[in-house]
**Student:** 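One structure is given below, represented as structure tokens, and several questions about it will come after.
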Amino acid sequence: MSNKNCPMCGQVLLNEEAIGHLRKHQPLYDQKIIAAAEYRFKQQLKTETDAVRAEEKKKQDEAVAKARAAAEKEFQAEIVKKNREVEDLKKQQQALVKQEVTKLKPALEAELRKSIEKDFTDKERGLQSVVQKLETQNKQLQDRLDRITGPDKGEFSEDDLVRSLANAFPEDDIRRVGKGRAGADVLQTVRYRAGGELVPAGKIVYENKDQLQWRADFLEQARAACETHQTSHVILVSKVFPNGQKDLFWSQGVAVVAPARAVYLARVVRALIIESHRAGLTREDLSAKLEEIYEYLNSESFRQALDALVQAGEELKVQLQKERKSHERTWAEREQAYNALIKRASGIEAAIRAILQRVTEEQPLTEEITQPELVSFVAD
């Protein structure tokens, strides 16, 4: 038996059968060895290839980084260069703009001045137009004030109304309600004598308006005052009236009258209250008749009668003023005459006294004449 060695491990093979088996399967073993060798070669090749690739990639990355850094540096330098160029351009543009502004400044100033003057002129025209309108309105208001009588210009206050009513109706209780209190401006309690005593007959409330323009709520305030004082009689004294009305008109139970006619209208309403009280009419009974009464008071015949009464009163007032002036003039003339008479009497008295003194020295008088008698005689 010949010794054989194992091709795989090199040991001595003593078994012929094993050697035959080995020889039979030798190609397979060879293929495995070749395959293992090829695998190891591929692994080694892959390792070496990966190492080469890594090295190449590292070199490429380093080259890229260097190139990028160089490019970045070049880019930054370019940016600095461009910024300098931009700054230079800005300076050049500013210099050009300044130069152009210097050239155009006179023209621009002239154009701006012209525009401002035009705007000022337009605004001045507008202001002049507004001023003219205000002057026109002021003139219209002044004309309205000029057409209004003295008491109607606001001089006819609540105190004036109270004073006029108190003078006209001395037995009535007339008082101001007072600002900030509910009710009318002036309250008149009508009283008349019955059996020697003053008997209250009813109330008249007055709303006094010194506005320059009529307002619809004047009537509402007047009616509210009626409810507050529980009366059906209210007189709204106003120097202004709604369109189409003047001096006196009635609306929804409210009498609206000019200040100059207030007392005259109060006389009529007062007489109505007294007669209603004497007749024993309640407020409800009177309310049923007030519509007919107001219809008469709002009629043209009553207006004419009241106008005639007012005119007569104004004429009497004028006559009284003339008579007062005439009396004052007569009294002044009479006073001057008395003063002249006393002066002359004093001169005569002095002359007579001198004569009497001389007579007394020569001889005594048989009858004594006193100074008062002389003055009385001369005065008579």
Side-chain angles (χ1 to χ4, degrees), residues 41-148 150 152-158 179-180 208-221 238-245:
F41 177 76
K42 288 181 180 179
Q43 289 295 324
Q44 185 177 358
L45 180 62
K46 182 177 181 301
T47 301
E48 293 176 355
T49 302
D50 290 341
V52 171
R53 287 179 178 175
E55 185 67 22
E56 289 295 331
K57 186 175 184 302
K58 181 179 179 182
K59 291 180 179 180
Q60 289 177 359
D61 291 342
E62 290 177 354
V64 169
K66 289 181 180 180
R68 185 177 294 169
E72 181 71 21
K73 185 176 181 181
E74 184 179 356
F75 179 72
Q76 292 296 333
E78 189 68 20
I79 289 177
V80 172
K81 181 180 178 182
K82 294 295 183 184
N83 287 336
R84 289 176 180 173
E85 292 177 355
V86 169
E87 291 297 327
D88 292 339
L89 287 174
K90 284 184 179 179
K91 291 180 180 179
Q92 292 176 7
Q93 289 179 351
Q94 290 176 354
L96 290 174
V97 169
K98 186 176 181 180
Q99 185 178 359
E100 291 296 324
V101 168
T102 304
K103 291 180 180 179
L104 297 175
K105 186 176 179 180
L108 291 174
E109 288 180 348
E111 184 176 356
L112 181 61
R113 186 181 297 106
K114 183 178 180 181
S115 177
I116 293 174
E117 290 176 353
K118 182 178 181 302
D119 292 341
F120 178 78
T121 303
D122 294 340
K123 291 180 180 179
E124 187 178 18
R125 288 199 194 97
L127 290 174
Q128 288 179 352
S129 177
V130 172
V131 170
Q132 290 177 355
K133 290 181 180 178
L134 291 176
E135 289 178 349
T136 302
Q137 293 177 0
N138 183 56
K139 185 176 183 303
Q140 291 175 351
L141 291 175
Q142 188 62 45
D143 292 341
R144 289 177 60 187
L145 287 174
D146 292 341
R147 290 194 297 269
I148 298 174
D152 293 338
K153 288 183 178 179
E155 300 171 2
F156 197 84
S157 62
E158 293 174 12
K179 297 294 184 182
N208 189 59
K209 302 298 181 184
D210 60 353
Q211 307 294 326
L212 291 176
Q213 291 184 349
W214 173 264
R215 295 207 321 259
D217 61 348
F218 288 170
L219 298 176
E220 297 177 5
Q221 294 174 10
S238 175
K239 63 184 180 182
V240 292
F241 290 80
N243 293 333
Q245 300 291 347

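We're numbering straight along the sequence, starting at 1.
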**Student:** Less than 3.5 Å apart, which donor and acceptor atoms pair up between the side chains of residues 41-51 and the rest of the protein, not counting sequence neighbours?
**Tutor:**
unit_1 : atom_1 : unit_2 : atom_2 : d
Q43    : NE2    : Y39    : OH     : 3.4
Q44    : NE2    : E48    : OE2    : 3.3
K46    : NZ     : D50    : OD2    : 3.0
T47    : OG1    : Q43    : O      : 2.8
T49    : OG1    : L45    : O      : 2.6

**Student:** Could you report the tightest heavy-atom contact between F218 and Q211, atom names first, then the distance?
**Tutor:**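 Answer, listing the atom of F218 first, then Q211: CZ-CG, 3.6 Å.
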**Student:** Is there side-chain contact between W214 and Q245, with heavy atoms separated by less than 4.5 Å?
**Tutor:**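 Counting from C-beta outward, W214 and Q245 never come under 4.5 Å.
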**Student:** For N208 and E158, work out which heavy atoms get closest and say how close.
**Tutor:**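 Closest heavy-atom pair between N208 and E158: ND2-N, 3.6 Å.
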**Student:** Verify the neighbour count for atom CD of E111: are there more than 12 heavy atoms of other residues, nucleotides or ligands below 6.0 Å?
**Tutor:**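 12 or below, so no.
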**Student:** Apply side chain to side chain contact (heavy atoms under 4.5 Å, CB included) to R84 and K81, showing your working.
**Tutor:** CA-CA 5 Å; R84 289 176 180 173; K81 181 180 178 182; 5.8 Å; no
**Student:** Salt-bridged, E62 to K59, with N to O below 4.0 Å?
**Tutor:**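 Here E62 does not pair with K59 in a salt bridge, since their nearest N and O are not under 4.0 Å apart.
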**Student:** When rounded to the nearest 0.5 angstrom, what is the spacing between CG in L96 and NZ in K91?
**Tutor:**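 Going from CG on L96 over to NZ on K91, the span is 14.0 Å.
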**Student:** How far does CG of N83 sit from CG of D88, to the nearest 0.5 angstrom?
**Tutor:**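 Those atoms lie 10.5 Å apart.
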**Student:** According to salt bridge (Lys or Arg N to Asp or Glu O under 4.0 Å), who are the partners of E74, at least two apart in sequence or on a separate chain?
**Tutor:**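 Result, salt bridge (Lys or Arg N to Asp or Glu O under 4.0 Å) vs E74: none returned.
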**Student:** Assess whether salt bridge (Lys or Arg N to Asp or Glu O under 4.0 Å) is satisfied between E85 and K82, documenting all intermediate values.
**Tutor:** CA-CA 5 Å; E85 292 177 355; K82 294 295 183 184; 3.8 Å; yes
**Student:** Regarding E72 and Q76, is there a side-chain donor-to-acceptor distance under 3.5 Å anywhere?
**Tutor:**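 On atom types as modelled, these side chains qualify, holding a pair under 3.5 Å.
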**Student:** Decide yes or no on side chain to side chain contact (heavy atoms under 4.5 Å, CB included) for K209 and R215, but give the supporting numbers first.
**Tutor:** CA-CA 10 Å; K209 302 298 181 184; R215 295 207 321 259; 5.8 Å; no
